[in-house]
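Each ligand, and each atom within it, is numbered from 1 in the order the structure gives. All heavy atoms count here, side chains included; hydrogens, waters and symmetry mates do not.
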Amino acid sequence: MALPKQLIDVEKIYLEPTVETYARGREILARYPDAERIGVASHWKIPSLHGNEGSAEDWLRIKRNVLVLGTKKALSFRPNGRSAHFIAPSTSNGCAMACAYCYVPRRKGYANPISIFVNIDETCQAIRRHAARQGGLPAPDQIDGEHWVYDIGENGDLSVDAAICDNVKDLVATFRDISNAKGSFATKFVNRDLLAYDPQGKTRIRFSLMPEKVAKVVDVRTSPIADRIGAVDEFVRAGFEVHLNFSPVIVYEGWERDWQALFEQVDDALSPAPKEQLRAEVIFLTHNRQLHEVNMQWHPKAEEYLWTPETQQTKRSEGGMWNLRYKVAWKQQWLAHFQELLADKLPYCGVRYAF
Ligand code: SF4
């Protein structure tokens, strides 16, 4: 799939020294023959790219025009327990989209273009070895009834990555052949190339949804909500397991009414088979003080939804950031209400976890 030029139009590729020794690296470079190539020691240290907090224009341009190629050095797995049992080593990080609440860019500064890791064969091999060591899933749990689930898209959006190279195709093929494990990733972008990947039920896509009126403001450069809902049937028919990721749930005047309408829209759009396999996760907004300050310079309208200190409390994160989440007592009530609305409108859609 050719990505819309306003999303990705690669003019410059920063690459680590070993990239061309990998087939995936050579494939990607051949795909963008006219792009300027700039050697870098590490995808983590590119001072001209990272940062730029003060200039949204610069970092949106960087997201569009720059691709970074490197390798994933530590092929380690982290236990998760929410959307997955394990977080697999990433095959990319960074994103061409620019959701106003996104935590991904915080790790490399705000202009965080897609960095693709070209040692995909090593990562797929590491996943096979790790799954082989686990044996069978001891008992069904909220994550899955049968398989160990690996999150493969923690640091970006794999549907966009899949338009650049075949890393996602290789991951889907890897899980197809592992009897006790399944891959899973959340996405805000509809890439129909994936429909040809033949996952045979072993990759779970979680389409992120929120009321369209809010998504239009905060989900910058993503696929419209109606397109994501419209894609669910097609992806299930193509052999994916498709769940919904209601995230972030943002509280504002009238939020319940908008979510009810969204649930109705989902109910109208889905045919019986997708409904039968449908599950959801619900995650209320966590915001961040530093991100708020950056957003105020380029997208203050989003902050009208995201920054509501009267209903939020601060909490220092492990990384030393000041995060904001809804005050506990209110959030508990809102969460309960959200689940009531969901159970009423989409009774077949079990909730895997909600917080
Ligand atoms: S699509 Fe996901 S990774 Fe990309 S900016 Fe939005 S929240 Fe972040």
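For atom 6 (Fe) of ligand 1, the N/O/S atoms of Cys95 include none lying under 2.8 Å.
The residues Lys213 and Asp258 are annotated as salt-bridged, a charged nitrogen and a carboxylate oxygen being separated by less than 4.0 angstrom. We find that Asp177 and Lys202 are not joined by a salt bridge, their nearest charged nitrogen and carboxylate oxygen being 4.0 Å or further apart. Look at Asp268 and Lys345 and you find no salt bridge, because none of the NZ, NE, NH1 or NH2 atoms lies under 4.0 Å from a carboxylate O.
Near Asp157, with a cut-off below 4.0 Å to any heavy atom, the atoms of ligand 1 are 1 (S). Less than 4.0 angstrom separates some heavy atom of Met97 from each of these atoms of ligand 1: 1 (S), 5 (S). Per-residue contacts place Cys102 under 4.0 angstrom from the following atoms of ligand 1 (heavy atoms of the residue considered): 3 (S), 5 (S), 7 (S), 8 (Fe).
By the criterion of a heavy-atom distance under 4.0 Å, the side chain of Lys188, and not its backbone, is placed next to ligand 1.
Within the structure, the closest approach of Thr222 to ligand 1 does not fall below 4.0 Å when heavy atoms are considered.
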Stepwise side-chain hydrogen bond (donor to acceptor under 3.5 Å, both in side chains) test for Ser90 and Asn155: CA-CA 7 Å; Ser90 359; Asn155 293 316; 3.2 Å; yes
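Ring geometry for Trp259 against Phe246 counts as perpendicular: the plane angle is over 60°, on a 0 to 90° scale with 30° as the lower cut.
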